[in-house]
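Quick note on labels: first sequence line is chain A, next is B, and so on, each numbered from 1.
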Protein chains: 2
Amino acid sequence: MSTQRVTRQRTALRELLDELDEFRSAQQLHAQLLARGAGVGLATVYRTLGSMAQAGEVDVLRTEQGESLYLRCAPLAARTHHHHLVCRVCGRTVDVAGPNLEEYVDGIGRGQGFVDVEHTLELRGTCAACAG
Amino acid sequence: MSTQRVTRQRTALRELLDELDEFRSAQQLHAQLLARGAGVGLATVYRTLGSMAQAGEVDVLRTEQGESLYLRCAPLAARTHHHHLVCRVCGRTVDVAGPNLEEYVDGIGRGQGFVDVEHTLELRGTCAACAG
DNA sequence: ATGGATGCAAATATTTTGCATTTTG
DNA sequence: CAAAATGCAAAATATTTGCATCCAT
């Protein structure tokens, strides 16, 4: 059985993620790590983000252009199925939990005779601050 | 002002799309075109799908792995905001229109002080036929 | 004939992977 | 000390683009 090791690189990435509340790409995170003097390889950033995503420690989002963006959600939200409301101007992200929504959506699937229905929902808008 | 020209390649692609009711990648579509003897370049397939998507003639979906999938929806659905319920086994896709959903979702955004909220929703399940 | 469309190959962009080396537990 | 993690560069993916040629209008 495999063990997770705490390395300087992973610690640095985790610390950086904790400071952010906006989705960032692996490349952006890598650049920011270098900028603050934490020498980390790009491949390591990808590998670490990958395992964090798999462990549910970060949420992943795909850009329209197919780029993966990562964000560390609040510990609580991380363990529950939730969605994101992202500001299209500043990128700030708010977690959205909607029990009613979950039911409604699953109901649609069942209505079509589908079972084991999963769903993905993403919201994009302009936040109060950016709307002026 | 630019004009759209009807070429052998575009006609072939459009005909192929009309026969399908499952999301397919540009590469898959290209292979299928070659298989049926319609010599078409991969780049042309990408370019054509791109313009069809922009014109709202096909719907685009991004795979978890970042691949773009295309499907020609029913003419009616194509003009309205809608979502897809995709069978994870056979790929068969059903269009889902949900006025209640739209309202509900937009309400969430406004509740957080966001304006001009858009959303994306995708449903994945197992259809009756595949569930056995 | 004229400008849009095509094909091919080269270029992009992102993410993954092989492997020798370093590091953690 | 063994297993896991890292770094780098090469490889793999997916899609785009430059450009000469072709063809629909």
Nearest-neighbour nucleotide for the [X] side chain, [options] considered:
{"X": "B:Thr48", "options": "D:dA14, C:dT6, D:dA5", "value": "C:dT6"}
{"X": "B:Val40", "options": "C:dT15, D:dT25, C:dG7", "value": "C:dG7"}
{"X": "A:Arg47", "options": "C:dA5, D:dT25, D:dC8", "value": "D:dC8"}
{"X": "A:Arg5", "options": "C:dA5, D:dA3, D:dT15", "value": "D:dA3"}
{"X": "B:Leu42", "options": "D:dT15, C:dG7, D:dA24", "value": "D:dT15"}
{"X": "B:Thr7", "options": "C:dA9, D:dA14, C:dA5", "value": "C:dA5"}

Within a strict 4.5 Å, meaning less than it, do heavy atoms of the [X] and [Y] side chains meet?
{"X": "B:Glu57", "Y": "B:Leu17", "answer": "no"}
{"X": "A:Arg124", "Y": "B:Thr120", "answer": "yes"}
{"X": "A:Arg24", "Y": "A:Leu16", "answer": "no"}

Does [N] have OP1 or OP2 sitting under 4.0 Å from an N or O in the side chain of [X]?
{"X": "B:Gln65", "N": "D:dA14", "answer": "no"}
{"X": "B:Ser25", "N": "D:dA14", "answer": "no"}
{"X": "B:Gln9", "N": "D:dC23", "answer": "no"}
{"X": "B:Tyr46", "N": "D:dT15", "answer": "yes"}
{"X": "B:Ser68", "N": "D:dT15", "answer": "yes"}
{"X": "A:Thr44", "N": "D:dG7", "answer": "yes"}

Exercise for review: Run the numbers on A:Arg10 and A:Thr44 for side chain to side chain donor-acceptor pair (under 3.5 Å), then give the verdict.
Suggested key: CA-CA 8 Å; A:Arg10 290 186 186 177; A:Thr44 296; over 6 Å; no
Integer-rounded Å distance: [N] [atom2] and [X] [atom1]:
{"X": "A:His30", "N": "C:dA13", "atom1": "NE2", "atom2": "P", "answer": "17 Å"}
{"X": "B:Leu34", "N": "C:dG7", "atom1": "CG", "atom2": "C1'", "answer": "12 Å"}
{"X": "A:Gln4", "N": "D:dA3", "atom1": "CD", "atom2": "P", "answer": "17 Å"}
{"X": "A:Leu13", "N": "D:dG7", "atom1": "CG", "atom2": "P", "answer": "12 Å"}
{"X": "A:Glu67", "N": "C:dT16", "atom1": "CD", "atom2": "C1'", "answer": "16 Å"}
{"X": "B:Glu64", "N": "C:dT16", "atom1": "CD", "atom2": "P", "answer": "12 Å"}
{"X": "A:Arg10", "N": "D:dG7", "atom1": "CZ", "atom2": "P", "answer": "11 Å"}
{"X": "A:Leu69", "N": "C:dT14", "atom1": "CG", "atom2": "P", "answer": "11 Å"}

Study note, to complete from the structure: Nearest heavy-atom contact between B:Asp59 and B:Cys73 is OD2-SG, 2.7 Å
Review point. Please walk me through it: do A:Ile108 and B:His83 pass side chain to side chain contact (heavy atoms under 4.5 Å, CB included)?
Key: CA-CA 11 Å; A:Ile108 294 176; B:His83 306 286; over 6 Å; no
Review point. Hey, does A:Gln27 reach any base, or is it just sugar-phosphate, or nothing, if we go heavy atoms under 4.0 Å?
Key: base
Practice item. Could you check whether B:Gly50 gets within reach of a base, just the sugar-phosphate, or nothing at all, counting any heavy atom under 4.0 Å? Key: nothing
